[in-house]
Amino acid sequence: MIKKKAIRTEQEVFFDLAALCCRPGYVHAIAHFCFRDNVILHAGDMKEADMRKMFSPSRLIRTEINTVLGLMIKVKIDWSLPTPKSVQEYIDATEQLLEELHHCLLGEFWSDLTKEAVESGFNSFAQGEMLREPIFYSGEAAYNFQYLDLAVRKYAADAPWLEANRGFTIDQASRVAKAVEEVHVDHFNAICERMRKQHPDEWTMLPLFAFTIDEIAVKANLATEVVERVLGAFELPSAERNQGFNALHDFNVITTTPLLRMPSGEFLSLQSYSLAEAIYEAPFYWMAQDKPYLPTLTKNRGDFTESFVAERLSLVFGNEHVHLNVDVFETKATKVSDIDVLVVWGNRIVIVQAKSKRLTQESRKGNDQVIRDDFMKAVQVAYDQGAACAKCMLDKRYRLADPDGREVVLQHDIKEIYIFCVVSDHYPALSFQARQFLQTKNIARVPAPLVMDVCAIDTMTEMLQSPLQFLSYVNRRANYAEQLMASQELTILGYHLTKNLWVQPDVNLMLLADDFSAKLDIAMAVRRASVQGAATPDGVLTRFGKTTVGRIVKEIEARPDPATIDLGFLLLAMSEQAVNEMSRAVDRVAARTRADGKLHDATFAFKEGFGITFHCTDEPPHVAGPRLESYCALRKYREKAEKWFGLCMSSSGPDVRFGVSLVFPWIQNENMDEKTKGMQVLDPIDQALEVLMKGRNQAKKIGRNDPCPCGSGRKFKKCCLN
């Protein structure tokens with residue numbers, strides 16, 4: 001008989017891993033992991049293929065490397081270089097134990113997922129123990145260069161305290177961290193050359209991650225004593241043995257002091273990301289210990305989040321459309337709520353409610369009540385406030401005013417209000433927790449909220465700097481909330497930029513893998529970290545703008561009229577093939593108008609219940625306008641559509657002259673039945689495009705004495721023939 005191997009507990013595996021990490025020279029195995037799994041090598045422009053290993057299932061993620069680092073420092077570090085065979089044994093054993101540890105975490109889910117539990121409605125994902133896995137293995141919510149750039153903004157108001165108590169500012173700390181990365185890059189070629197001259201028994205990647213104070217001072221252009229104070233603030237104390245780190249989700253001191261000091265006196269930064277994250281998060285805890293300063297610290301945190309989000313949204317919508325700290329009044333003097341950041345663009349509204357609450361250490365351990373309490377303070381309260389404000393904005397009894405008392409006027413009937421719940425710090429598995437815990441309200445014209453951190457807002461506004469592109473993505477992201485699942489928000493954004501986010505109605509759940517963010521990761525590194533490569537992912541942003549439909553969307557954005565904003569959304573949601581073919585069709589009818597000076601139309605109906613008519617003519621608006629609106633009304637009725645849009649195009653360009661929007665339910669009407677009985681049934685859009693491109697007439701030939709197809713009731717010869 002074959003004896004079945006007993007399944008070990010998580011704690012048993014953890015203790016074995018701790019024993020392994022304390023072996024002589026284990027630090028060289030960690031250096032190998034950091035080089036293999038964190039360093040991206042590329043020649044010339046960085047490409048998606050260069051990023052592939054970052055999404056490999058065999059790659060150790062940052063939290064796993066921090067775990068073995070935290071266990072290694074439980075004893076005094078042995079810096080001796082083991083034999084290659086020993087290093088390989090360390091590597092193999094580490095990977096095996098970490099994989100076993102992961103299975104232990106997953107086992108907590110499967111153990112409760114019985115047939116009876118599922119049938120009774122039991123949701124294992126809502127259990128604290130199950131959430132430990134996504135919290136530990138969640139994808140990175142920010143880029144390291146984002147942490148460094150945002151840290152400067154986050155702590156700018158705290159500079160006097162930091163200089164007085166720590167001897168440096170966060171701007172200087174950020175410069176030091178960037179210099180560390182640059183020195184690592186400088187070391188690479190020299191280390192490769194040195195290894196060529198060494199015997200393989202002497203090979204180690206440890207020197208790649210080492211640096212001196214003088215190297216950093218020169219690279220960062222800072223005084224040596226300032227650099228020394230910065231590095232000292234994030235250096236692991238020599239006597240520190242991480243005594244409280246006895247289980248996977250215990251506090252690990254390596255996360256706040258990631259720098260090690262080598263026997264040579266050099267510093268060692270094995271994960272640049274950990275140093276950047278520590279610079280972003282650790283200073284808060286330094287200042288929080290100063291009780292008299294705590295009120296100032298709290299105010300500065302809130303001010304940073306709100307002002308940063310407002311600044312980023314202004315990049316998309318313009319300052320005139322973005323309002324900070326808006327009060328909601330029921331009467332002239334009765335304030336009922338407030339909005340941290342408000343965007344008013346046409347008939348679309350964005351409400352941002354920001355919080356500075358973070359996920360506590362007790363939550364990471366899987367404490368149900370604490371997880372829910374943290375989420376309540378970080379997200380639920382923000383959503384409830386945003387939902388209350390949205391209801392007020394849909395009620396004309398309420399008014400809005402900025403901090404100076406100036407009224408914020410909503411010029412149009414509101415079509416949709418989007419609620420953003422934004423946290424200022426990394427909140428592990430945020431999208432996953434929002435899916436499980438967030439209690440939303442069913443409010444007309446208010447879709448599901450978007451829950452994210454400031455880094456996600458930063459990335460969204462960096463890549464989608466056009467109002468319609470931004471709102472089109474937000475619209476689909478909110479309305480697909482129940483159909484989409486990803487480990488973090490950047491994965492969904494990355495998918496949209498390359499594939500144009502669209503989920504078929506019959507799809508219950510679409511799970512997106514992390515590698516959909518690869519092109520986005522490259523683009524952000526090019527824009528923010530001086531990496532060579534494509535600054536814009538090949539996809540909706542690169543292909544759409546070059547088409548006639550893309551130019552139409554730009555013109556709609558230039559004048560955000562509610563009559564055409566909906567049309568912009570629909571055009572942006574079309575497939576690439578449909579956009580290209582529709583663009584060629586519009587170009588063709590415009591060319592016909594230029595050639596003969598007559599009216600030419602291109603009309604398309606979509607199975608989703610809407611249609612578009614492009615009306616190409618150079619006639620004056622008082623002639624072309626009523627004709628276009630009349631035709632769109634008839635065509636909308638004939639197709640039994642909920643929405644119909646009409647655009648009057650000039651023959652040059654072609655450029656948008658004006659538009660009409662008919663959005664209302666279809667109701668049968670005998671008079672309209674009579675007016676539309678002679679109208680041709682439209683072909684499906686693919687067939688209609690084919691007809692237009694081949695230059696054939698879409699409808700049968702109209703006789704001079706036939707009723708005019710525009711629906712005027714007059715004969716063709718006395719109406720549109722000429």
Side-chain angles (χ1 to χ4, degrees), residues 17 20-23 25-42 50-73 77-82 84 86-99 136-137 139-140 143-145 147-148 177-192 194-195 202-211 216 231 234-236 242 252-262 264 266-279 521 525 529:
L17 185 62
L20 172 66
C21 295
C22 295
R23 298 283 298 277
Y26 184 79
V27 67
H28 296 274
I30 297 181
H32 167 84
F33 288 131
C34 292
F35 176 74
R36 185 194 71 182
D37 296 336
N38 290 340
V39 176
I40 302 172
L41 301 177
H42 64 97
D50 300 319
M51 295 284 294
R52 192 168 295 136
K53 74 171 187 177
M54 303 301 289
F55 306 101
S56 169
S58 62
R59 172 181 176 256
L60 298 192
I61 61 173
R62 180 182 55 85
T63 49
E64 289 178 309
I65 294 177
N66 271 347
T67 297
V68 295
L69 269 169
L71 293 173
M72 180 188 71
I73 62 174
I77 300 174
D78 185 324
W79 298 91
S80 62
L81 179 62
S86 296
V87 173
Q88 189 60 53
E89 288 173 352
Y90 291 166
I91 293 169
D92 294 341
T94 301
E95 291 176 330
Q96 180 182 342
L97 288 169
L98 286 172
E99 184 178 2
F136 186 81
Y137 293 97
E140 305 296 0
Y143 301 105
N144 58 337
F145 45 81
Y147 271 143
L148 295 176
K178 291 177 181 178
V180 169
E181 290 191 59
E182 292 173 12
V183 168
H184 287 171
V185 173
D186 292 345
H187 284 177
F188 181 72
N189 289 333
I191 289 171
C192 289
R194 183 195 310 169
M195 291 174 72
E202 300 177 279
W203 287 355
T204 174
M205 296 310 301
L206 204 62
L208 174 64
F209 303 101
F211 57 89
I216 303 305
L231 296 176
F234 298 98
E235 176 190 356
L236 182 78
N242 214 7
N252 184 357
V253 71
I254 205 73
T255 59
T256 56
T257 51
L259 299 180
L260 305 178
R261 185 74 77 115
M262 300 175 69
S264 62
E266 294 176 291
F267 281 92
L268 189 70
S269 176
L270 287 163
Q271 295 200 97
S272 296
Y273 191 99
S274 293
L275 178 57
E277 187 177 39
I279 289 173
D521 296 344

Q: Identify, with sequence neighbours excluded, every residue that meets salt bridge (Lys or Arg N to Asp or Glu O under 4.0 Å) alongside Glu181.
A: none
Q.
Could you check whether any side-chain N or O of Thr63 sits under 3.5 Å from a backbone N or O of Phe136, counting only pairs where one atom can act as donor and the other as acceptor?
A. yes
Q. Among all residues two or more places apart in sequence or in another chain, which pass the salt bridge (Lys or Arg N to Asp or Glu O under 4.0 Å) test with Asp78?
A. none
Q. Quick check, are the ring centers of Tyr273 and Tyr147 under 6.0 angstrom apart?
A. yes
Q. Of the non-hydrogen atoms in Pro82 and His28, which two are nearest, and what is the gap between them?
A. CD-CD2, 3.7 Å
Q: Sort and list the pairs that fulfil salt bridge (Lys or Arg N to Asp or Glu O under 4.0 Å) and have at least one residue in residues 62-73, not counting sequence neighbours.
A: Arg62-Glu140, Arg62-Glu277
Q) Is a donor on one side and an acceptor on the other found under 3.5 Å between the side chain of Lys53 and the backbone of Val39? A) yes
Q.
Under the rule for side-chain contact (heavy atoms from CB on, under 4.5 Å), what residues qualify as partners of Asp186, not counting sequence neighbours?
A. Lys219
Q.
Using 0.5 Å steps for rounding, measure from the CE atom of Met262 to the CD1 atom of Ile77.
A. 9.5 Å
Q | Partners meeting salt bridge (Lys or Arg N to Asp or Glu O under 4.0 Å) with Arg59 (sequence neighbours left out) | A | none
Q | All side-chain contact (heavy atoms from CB on, under 4.5 Å) counterparts of His32, not counting sequence neighbours | A | Arg36, Ile91
Q | Donor-acceptor pair, side chain of Asn242 and main chain of Gly70, under 3.5 angstrom | A | yes
